[in-house]
Structure formats: structure tokens, C-alpha cells
There are 2 protein chains.
Amino acid sequence: MTGISKKKATIYDLSVLSGASASTVSAVLNGSWRKRRIKETTAELIQKLANEHGYTANLQARGLRSSRSGLVGLLLPVHDNRYFSSMAQSFEAQARNRGQCPLVVSACRDPEEERQVVETLISYSIDELFIAGATDPDGVHAVCEKAGLKHVNIDLPGTLAPSIISDNYEGARMLTQAIIERAQEDGPLSPDDVYLFGGRNDHASHERIRGFRDVKRALLGADPDICIQPTGYSPAMTARAFEVFYEGHGKLPRAFFVNSSINLEGLMRFLALHPHETFADIIVGCYDYDPFGSFLPFPVFMIRQDGEAMITKGFAILDTNRPPVLTHLVQPSLVPPRTALTGPLDALKDIE
Amino acid sequence: MTGISKKKATIYDLSVLSGASASTVSAVLNGSWRKRRIKETTAELIQKLANEHGYTANLQARGLRSSRSGLVGLLLPVHDNRYFSSMAQSFEAQARNRGQCPLVVSACRDPEEERQVVETLISYSIDELFIAGATDPDGVHAVCEKAGLKHVNIDLPGTLAPSIISDNYEGARMLTQAIIERAQEDGPLSPDDVYLFGGRNDHASHERIRGFRDVKRALLGADPDICIQPTGYSPAMTARAFEVFYEGHGKLPRAFFVNSSINLEGLMRFLALHPHETFADIIVGCYDYDPFGSFLPFPVFMIRQDGEAMITKGFAILDTNRPPVLTHLVQPSLVPPRTALTGPLDALKDIE
DNA sequence: CTTTTTTGCACAATCGATGGTGCAATGACT
DNA sequence: AGTCATTGCACCATCGATTGTGCAAAAAAG
């Protein structure tokens, strides 16, 4: 016996202690006691006992009985990235504000894993699900639909459920324009001075590439296909793409658009292998904001996606009855180089 | 009727369909059927039906009955930070490898919130808990203890449960030595050229400060108290500290130690308000690794804490019977400037 | 053809909470 | 005093799975 106290108290324990029935105890502790016309003094007694014994409801039992669990899920591709981790942070805060219990899980951008993870969440009777950056939103939708689970897509749209995404086209236009104009300050620019790296076969990448090409054609008159290098979402692949370019040209493009901060990590890997003076004059645009990325030793324009607004909108949609299957655009913003934005962390109290 | 199919199948549904009893169905589907001597053909039939109907167990019901849920929790101070988010990533991977379901939650460094969140997790009958960077590990311990929940502390130690932490003292020594030596390349250094910013009244900060002071005294002969600026864990407070120093001295210290990447964000906020040429010659040490932080336009030495190893060790400890209340040290490593390390993201498959 | 053993499965209690229903005690009213 | 409404609560089935126990039928042993 190392002081491991007995099991947690249940309504039955409190029932015995108080002399009331278990259903009375339950009613008192879940707040429905006025409706059930329980005497105030009885309620007080039970509440006192509950406090003394540190009673907390077994939420699995409650969830089983009521088939509502109070859980909301957020499915992420990965945690380890400022865009998604700050989204997780906002999500937690908002879910807790609404009295729900947030669950954040990641599925590694693997469609099969995505479905499995969601199945697991469903097995815990979660009430609502945010599907962020899913590789296969419609596959996940099918799983949710079968279980009658309300859900929305965030960041990457599906065709079967309401979606909330960044205005990737507009964001890409802003970003492309910013890097081109900045590069032109240093002299005239030809179409093959401006590249795009990263992204793959998803809606966000398509829209960004479309925005990039449209602006580039408008400002520089052309956009050779070679300037688009969709390397997927992996630092290693992106680094290779830079390496290949460098081997071919002895330098990096004057200006380039990087599809996400994950791809920007690929640039870091490339830079680590080369003296940085060689690249002091590049102009970079990154479709994602990272506070340290913004202060690299060359101008980095970034796009800050408004994860917090997306989450807010998502909750609003889940609150409506039969949300139409629409795609809602949330405006991102252009962040000039050397900018330190505040984030969800700033909402924390830090008692010092 | 919008195609919302009926509720999920249960063992009772399959029981009717197969003609077997619910307990037989249960045994077949949870794998205990050989032990229960169920005929192979019966098992096959039931499994076929289960597949056809997309049966998945209701894990709340299972958890309620067996009082084991298959859930493991990771309690973080915040998501939005590379150290913790990469820890979350490793944690998820390892938990899933073990067939458990990972839950990652954050408690905003608020002791009360920490306890509440853990209470909630306990209400879902989680089996094990990793408490990372808790402000009040022993308070959380009490809650776990009462519920008989196995747990370990990560990153910040408690006195009542096994803890796994970085060797902060050694890490701080390496980092301090690195920045001092590097700064000395540019000329002789006096004790008040080397500062420490960030951290507060926790074990990790104490150890880091101790390491810093020991090395500084050894190399520079003294360490005036003014050189230690424990600003808490908040970018805003840290930025203020830099601002105050700058107002007093017209520059930043030649070299300084920043207690965490969160504090380093405070430096970014400061830099955003000042032309960067002014600070091109500072030498920074940051106790945390961030891939972009490593490429800032001045030398940044970083300490990479081995989150993955800590998680691994944590699982190992939870697997042992009565783990002694020890504090295990995990060695961090010194990362020279302009280094791009690979992380848990690289384990992902990225089909392009 | 018995007796024993083994095989294959059904039954029923249980986990902790919820909520519909019903009933005794009390008070109000005629 | 008798009727009726109200108050205050207990009873019990239920959510979906797990698991100890028991028992019939089939197979093996004698």
C-alpha cells in the first residue's frame, strides 16, 4: 500500500453516503436537479459529499448513455509546423471556451491513416470534427457520414462537406507580386528569374500556382513551365530541387515562391550546405508565416493564414443546422520581411 | 433522408445477423475467441459480417467495462512551439506503434488548468499520462495518484513521479561556452558583455542559469547578477527586456543566452523595431532548436533537446512495474549556426 | 453402449451514468 | 373529511461491450 487510494467515487458511492438514490445523485451532479424537483437541501448535501470525495463523473459512462461525449476533434496532417500548431492552439482555446474537450490528432498526410484515426475518434463518440489539411477529405467525409458525425474541412476543401480555406489564389497573387516588385528594385527581371517550389496535387497548391502564374504573366509577360517545381510537402525533396537548380545554374533563382513553411525548411537544408554569402541577394516568398523565417538573412515575404478565423468559422458552421456544402474563403495577409506577429501564445497569462 | 445511414452496428446487431450470441460476437471481434474455444467457421462468419457492416467497437463501452481505454495522454504547456510540437509528433508515432491512441492537450502553463485538464483525461479513463513542461508537476501528480493513473514527467521534473528531463546544466554549459568562444574570436570579452534572457522559477531555468554562470565565471572570471534577466516565458516580456537594455546601452550585449525559442521570439519582436544592421555582430545562444532560428542573420547556437528520446524513455518507464521516483537525464546536443536538422517530419511518407 | 472429456457456445452480471415513469407524502381547497 | 395538485424522490431499463460460469452436444475413452 503506497498510499494509492481506492478507486474513484461513483454516483453509487455518493448514493450510499447520502442516503439518496443514484438517480438523484446523478441529477444533482449534472445540473438537471431543478428540473427533477430535487429539494435544495438534498442537492446541497450531495454536492458537499461530492466535493469531499473529489467526485468527477466518468465521462465514458456518460458518453455511452447519452451518446454525446463533449469531445471535439481536430485532425491535422502534422503537428510539427507553426501553421498547424498555432491552429491547434486556437482550436483548443475555442473548444474549451465552449465547454467542449478538444482532441488534436495528426494523420501524417496518409489517406488510410486519416480514415483510421477518424474511425477511432468516432469510436469515442466525438461530437464534432475539424478535418484540417486532409489528403483525402472526401474519404474522411464518407467515414463521418456513416457515423452521423458533423464535420467541416479546414485548409483543404472537400466536395461533400462545408469547407473553410484560405483564399490561396489571392494570397499567392499578393505574395508573387511582392517578391517580383521587390526583386525589380535590384534591376530588370526576366520570367525565368522567378520560380515556385513545393506543393503537390492538392487544391491549395493548384490555387497558389494559378495565382503565381497569373501575376507572373501579368508582370513579366510569361511563365515558362520549368519555373514550377512541385516537390511535394517534404523538406528533403524540396532541398533536392534547390540542389538540382543550383547544379544547373550555379545559383538560385533571383526570386522564388515557396509553397509552405515545410518547403522552406528544405531551403534551410540547402543553405546549410552552401556559404550563405552566395545567396545574400535572393528574394523569397513563403506561403506560411513563421516568426523566425521572417528574419532570415535575405528578404522573406510571408503569407499569414488566419487559422484562428478558420476555426471560429468552423464552429459557427457546425452550430448551424444543415450547413450547405459551401467553400468559405478566409483572407490571408501578406507579411513583409522582418515582421514579428503576435500569436495565440500571447493570450496566455505568464505570471512572472 | 439525405443518405444519413442508420446508427453504427453493435455486437447485438451482428449477434442477430449471425445467429450467435452477443458474447460470442464480442469474443470474435476482440480477438479472445480462441481462448474461448469458438469454432473457426463461426469466427469467420462473424468477421465477414462485421466487415460488411463496417463494424467498429464502441470504445466508450469497452473502456467503461474494462476500465482500460487504450488512450495515452500528453499534456503540453503549449502547442505552438517547435520543441513541443515535435515532441507531440514523436509521441503520436510511438503511441500508435504501441497500439494506443494518443491524445495531445495543452494547458497553457496554468497550474489550475493543468489539473483540470488531467481530471478530464482521467474521466475518459486514459491509461497513461506524459506530463510535459508542467508548471506544477506535483499538483498534477496528486490528481493522477488519486485516480491510480500511471504517469511520468517530461522536461520539468517533479518530486513525486519519475521524471525525464534534458541535462539542462550540461546543455547550458555547452551553449554558454560556444557563444563566449565565438564572441572572443572578435576580440576580448568582459563579463558584462554576456547576458542571459528568459526563464523563470522552474527547475530547467535554474539549471540553465547555473550552467551559464559556472561557465561564465570559469571563462570570464565573473558574472554580475545584472547579466541574468529572467523574463518568464513570454515573447512580449522578453522583447521588453531587450528594449530596456537597448535604451540603457544603445546596443544589445555582445553575446547572450536566450532561455528558449519562445524567448527568442521576443528577440524577433525587438529586432522588428530596429534596423538589423545595428545588430549584425551579436552572438546568440538559444536553448531550443528551431530550423529557421538557426539561419538568422547573426550566429545562433542552439541546443537541441532530444524530445524523441525522452518520449521513448517515458514509455519504457511506464512499462516497468513500480518505477522508482528518479530523474533521468537525457543529453541535449549543441547545434552550430546554420544547421538544418531532420526531425520527425522526415519519417512521413510523401507520395508525390 | 455407457462414462468421461472436450468442444462450442449462451446466459447474465457488470462497468457508471441518464432519464422516463410512477408512487408516497404533503399541502391546498372545498 | 375527502379530493386534487404538487413536491420529492426511488425504481428500472438502457447505452455497448467484457467475462466468469454453466451446460448441452459431440467426441473420445472404456
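So that the names make sense, note that chain A is the first sequence line, chain B the second, and so on, each numbered from 1. Please read all numbers here as calculations on a predicted model, not as lab measurements.
Nucleic acid contact for Thr10(B): sugar-phosphate only, since backbone atoms but no base atoms lie under 4.0 Å from a heavy atom of the residue. Using a 4.0 Å heavy-atom cutoff across all strands shown, Ala27(B) reaches no nucleic acid atom at all.
Salt-bridge annotation for Asp319(A) and Lys150(A): absent, with no side-chain N of the basic residue lying under 4.0 Å from a carboxylate O of the acidic one. Classification of Glu40(A) and Arg34(A) as a salt-bridged pair holds, one side-chain N sitting under 4.0 Å from a carboxylate O. Taking 4.0 Å as the cut-off between side-chain N and carboxylate O, Glu44(A) and Lys48(A) do not count as a salt-bridged pair. A salt bridge is absent between Arg109(A) and Asp136(A): the closest approach of a Lys/Arg side-chain nitrogen to an acidic carboxylate oxygen does not fall below 4.0 angstrom.
Note: CG (Leu14(A)) to P (dT18(C)) measures 12 Å, nearest angstrom. Atom-to-atom, CG of Leu59(A) to C1' of dA17(C) comes out at 10 Å; the value is rounded to the nearest Å. Between the CG atom of Asn30(B) and the C1' atom of dG20(D) there is a distance of 14 Å, given to the nearest Å. Following rounding to the nearest Å, Lys39(A) (NZ) and dG8(D) (C1') show an atom-to-atom distance of 8 Å. Rounded to an integer number of Å, the gap from CG of Asp13(B) to C1' of dA17(D) is 13 Å. Across the protein-nucleic acid pair, Leu64(B) atom CG and dA13(C) atom P stand 17 Å apart, rounded to whole Å. Atom P of nucleotide dA10(D) and atom CH2 of Trp33(A) are separated by 15 Å, given to the nearest angstrom. What separates NZ of Lys35(A) from C1' of dG8(D) is a distance of 16 Å, to the nearest Å.
Remark on the helix from dC1(C)-dG30(D) to dT30(C)-dA1(D): inter-end axis angle 50°, axes from five-pair C1' superpositions, rounded to 10°.
Residue-to-nucleotide proximity on DNA chain C shows that, of Ala43(B) and Ala61(A), the 5′-proximal contact is made by Ala43(B). Of the two residues near DNA chain C, Ser66(A) and Val25(B), the one whose nearest nucleotide lies more 5' is Val25(B).
Considering only the side chain of Asn58(B), dG16(D) comes nearest among dC9(C), dG16(D), dA17(C).
A close approach under 4.0 Å does not occur between any side-chain nitrogen or oxygen of Tyr124(A) and OP1 or OP2 of dA17(D). One finds a side-chain N or O of Arg62(B) lying less than 4.0 angstrom from the OP1 or OP2 phosphate oxygen of dT18(D). Between dT18(C) and Ser32(A), no contact under 4.0 Å exists linking OP1 or OP2 to a side-chain N or O.
For the pair Phe315(A)/Phe91(A), a side-chain contact is recorded, criterion being any heavy-atom separation below 4.5 Å from C-beta on.
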Below 3.5 Å between N/O atoms, which protein atoms pair up with nucleotides 11-13 of chain D? Just atom names and distances, please.
from: dC11(D); atom 1: N4; to: Ser23(A); atom 2: OG; distance (Å): 2.6

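Closest approach of Thr159(B) to Val325(B), counting heavy atoms only: O-CG1, 3.5 Å. Minimum heavy-atom separation, Pro77(B) to Ala132(B): CD-O, 3.2 Å.
Within 6.0 Å of the CD atom in Glu308(A), the count of heavy atoms belonging to other residues, nucleotides or ligands does not exceed 12.
Applying the side chain to side chain donor-acceptor pair (under 3.5 Å) test to Glu112(B) and every residue at least two apart in sequence or in another chain returns Arg115(B).
For residues 12-32 of chain A, the set of pairs meeting the salt bridge (charged side-chain N to carboxylate O under 4.0 Å, His left out) definition, not counting sequence neighbours, is empty.
No hydrogens or angles considered: a donor-acceptor pair under 3.5 Å links the side chains of Thr24(A) and Ser21(A).
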Practice prompt. Sugar-phosphate means primed atoms, P, OP1 and OP2; the rest is base. With that split, encode nucleotides 22-29 of chain C 5' to 3' as B, S or - using protein heavy atoms under 4.0 Å.
Written response: --------
Which side-chain N or O atoms in residues 55-74 of chain B pair as donor and acceptor under 3.5 Å with protein atoms at least two apart or in another chain?
from: Thr56(B); atom 1: OG1; to: Lys8(B); atom 2: NZ; distance (Å): 2.2
from: Asn58(B); atom 1: OD1; to: Gln60(B); atom 2: N; distance (Å): 2.8
from: Asn58(B); atom 1: OD1; to: Ala61(B); atom 2: N; distance (Å): 3.0
from: Gln60(B); atom 1: NE2; to: Tyr124(A); atom 2: O; distance (Å): 3.3
from: Gln60(B); atom 1: NE2; to: Ser125(A); atom 2: OG; distance (Å): 2.7
from: Ser66(B); atom 1: OG; to: Arg62(B); atom 2: O; distance (Å): 2.6
from: Ser66(B); atom 1: OG; to: Arg68(B); atom 2: O; distance (Å): 3.3
from: Arg68(B); atom 1: NH2; to: Asp127(B); atom 2: OD2; distance (Å): 3.4
from: Ser69(B); atom 1: OG; to: Leu71(B); atom 2: N; distance (Å): 3.2
from: Ser69(B); atom 1: OG; to: Ser125(B); atom 2: O; distance (Å): 2.5

